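One structure is given below, encoded as structure tokens.
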Amino acid sequence: MEETHQPPTAAPGSAPGVRNGSTGDDYRVDIGGDNRAPVIVGSHNLLVDAQHGSSVTLLMQGQRPEPVRRERTVLLPRRQQEPLGRAAQLAALAEGVRTSGLVQLYGPPGSGTSMLLRHAARRLAPGPDGTLYLDAANRDVADLAQDVFEACYDAAGYAPSNTDLRRLMDGVHLLVYVDNAELTREQVLALAETAADATFVFAAHRRSLLGEDGTVIELPGLDYEAGAELLVRELGRPLAPGETDTARALWQAAQGRPLHLLRAAGLARFDTTADARLPLPGQVAELLPLLLERLDAPAHRVLRLLATLDGTDLAPDHLAAITELPDAEGTAERLAGLGLLTAGDDGYRCAEDTVAAVFRQDPQPFPVDRICDHFADWIARAATTAADVARCGAALERAAALAEATGRPELAVRIARAASPALARSLRFGAWGRLLGRGWSAAQQADDRPAQAYFTHEEGIRNLLTGRRVIAAMLLSQAVPLWRALGDHHGATAATNAQHYTPSADQLLNGTGTVPVDPGGAAGGHAVLPVDPGGAAGGHARHRRGGAPQCP
């Protein structure tokens with residue numbers, strides 16, 4: 001696999017910067033900084049404490065960092081085969097980029113939106129200040145906005161306020177490609193507003209933008225010529241005599257969707273006899289179970305793990321460690337070639353319809369204790385950075401949810417407590433909030449009083465940092481007696497001190513503790529929690545896809 005181009009692992013204490021990637025024209029942005037050092041969020045200094053709850057202080061005028069603008073940003077997706085039959089849509093994307101600040105490419109699952117977007121990111125001319133590729137799967141707008149900022153500025157350990165973010169991004173003419181952007185119109189516009197002079201190209205399965213918002217391009221199925229060429233490429237041979245009619249019928253049954261044609265060719269490759277043929281058109285609906293029946297044990301093990309994690313990315317090293325397979329990455333790449341997995345820059349995930357098919361074949365999920373134990377041990381390693389943990393945020397949240405759903409809330413608490421400090425230091429407040437909510441719910445179920453105090457405290461701090469001062473006041477006021485009941489003086493003091501930056505009890509009672517327009521919070525973090533940290537608006541933005549074991 002080609003080296004990926006997300007912000008890489010940096011050793012604790014390393015300096016941030018930009019270094020050449022593997023191809024000469026690709027760059028990787030290092031997120032440096034000591035994992036134990038304070039970070040700055042808006043006008044607040046945050047000191048993360050994994051035991052007694054984090055503390056904050058207010059920065060005086062002139063104490064905020066002065067981010068250094070990177071000369072140029074080039075952060076590209078990994079290389080892939082060129083999509084077939086997409087010249088017209090590529091030209092439409094190029095025209096949209098040239099004439100509009102906002103472009104949306106959409107098409108149904110299996111139509112190849114991600115493949116075309118990745119190809120465009122590498123093929124089309126960059127913006128004046130460079131090109132940035134982001135994967136929005138299981139991400140929220142606030143965390144994506146922080147990604148954009150860190151790609152453009154050398155400012156380790158700093159999340160600017162909303163106002164400062166817009167000011168810093170003013171005049172940055174970046175071309176930003178956002179893949180898997182299943183966002184609402186409001187979310188798309190909110191992300192674009194954080195960098196008003198940038199051009200954004202979003203790829204999604206559903207249309208969310210209006211024509212007045214920018215350029216909207218629908219991705220149809222392939223025409224027959226391109227579909228037949230795809231079949232030939234994936235078969236590794238020309239169509240045999242008599243296969244042309246079958247190929248055309250397959251193309252029609254698949255509605256020209258590349259994923260279905262890829263699977264049809266993959267199924268044909270399993271037949272090694274001299275008279276091997278393409279599957280019949282009537283088998284298009286049965287391609288998934290037919291492929292699953294032909295897989296070997298290592299492939300089934302990888303698929304079961306990724307189906308259990310339900311559409312979240314898992315890097316090859318985690319795949320290998322959890323499955324205990326010597327060539328887990330090779331197995332995953334083979335499954336991606338069959339259209340069962342999707343290969344991204346952060347690892348592999350199940351294709352959207354594969355999860356349900358895997359559990360119809362075998363309803364038993366991968367052992368959750370093995371998943372949780374691996375992640376908890378990995379997070380505890382000295383070499384694991386906050387950025388590493390943030391990249392695994394969705395998988396960690398899913399693991400914690402599974403642990404709670406299967407009656408092992410103590411495992412969910414372990415994962416959430418282990419990951420929470422790193423997610424806070426990573427400045428990805430959306431991912432942090434979701435895991436805090438999941439951890440609080442599990443702590444309630446496990447009757448783990450120290451964990452309840454910790455998660456309540458940390459969610460109060462997170463709301464303070466993201467400008468929700470009223471909610472922060474309520475949560476911190478709950479955390480103080482919880483810490484005192486445990487005899488934890490440090491935790492009670494940290495929560496009490498943090499209350500100095502929230503509305504007082506009198507203000508809350510009188511209704512005067514309003515949140516200012518820009519209170520110095522981070523760029524987003526908009527999953528507002530109710531007073532109950534485990535409430536529906538908090539850490540429970542549950543990820544539901546077809547057929548996976550469901551969380552409560």
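Sequence positions, counted from 1, serve as the residue numbers for this chain. All of these numbers come straight from a predicted model, not from anything done at the bench.
Applying the side chain to side chain donor-acceptor pair (under 3.5 Å) rule to Thr323 yields no partners; only residues at least two apart in sequence or on another chain are considered. By the side-chain contact (heavy atoms from CB on, under 4.5 Å) test, Pro421 pairs with Val48, Ala50, Arg425, Tyr454, sequence neighbours left out. The side-chain contact (heavy atoms from CB on, under 4.5 Å) check on Asp223 picks up Glu225, Ala226, with sequence neighbours excluded. Partners of Phe270 by ring-ring contact (aromatic ring centres under 6.0 Å, His included), not counting sequence neighbours: none found. The ring-ring contact (aromatic ring centres under 6.0 Å, His included) test applied to Phe375 returns His318, not counting sequence neighbours. Asn180 is linked by a side chain to side chain donor-acceptor pair (under 3.5 Å) to Asp135, counting only residues two or more places apart in sequence or in another chain. Contacts of Glu286 classified as side-chain contact (heavy atoms from CB on, under 4.5 Å), with partners at least two apart in sequence or in another chain: Pro289, Leu290. Take Arg206 and apply the side chain to side chain donor-acceptor pair (under 3.5 Å) test, not counting sequence neighbours, and it matches Glu182. Applying the side chain to side chain donor-acceptor pair (under 3.5 Å) criterion to Asp245, with sequence neighbours excluded, gives no partner residue.
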Donor-acceptor pairs are to be reported for all side-chain atoms of residues 90-98 against protein atoms at under 3.5 Å, with residues two or more places apart or in another chain.
residue: Glu95; atom: OE1; partner: Arg98; partner atom: NE; Å: 3.2
residue: Glu95; atom: OE1; partner: Arg98; partner atom: NH2; Å: 3.2
residue: Glu95; atom: OE2; partner: Arg98; partner atom: NH2; Å: 2.6

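Neither side chain, Gln104 nor Thr215, offers a donor N or O lying under 3.5 Å from an acceptor on the other.
Sorted by first and then second residue, the ring pair (Phe, Tyr, Trp, His ring centres under 6.0 Å) pairs involving residues 223-246 (not counting sequence neighbours) are Tyr224-Trp251. Residue pairs meeting the side chain to side chain donor-acceptor pair (under 3.5 Å) criterion with at least one partner in residues 234-243, sequence neighbours excluded, are Arg237-Glu243.
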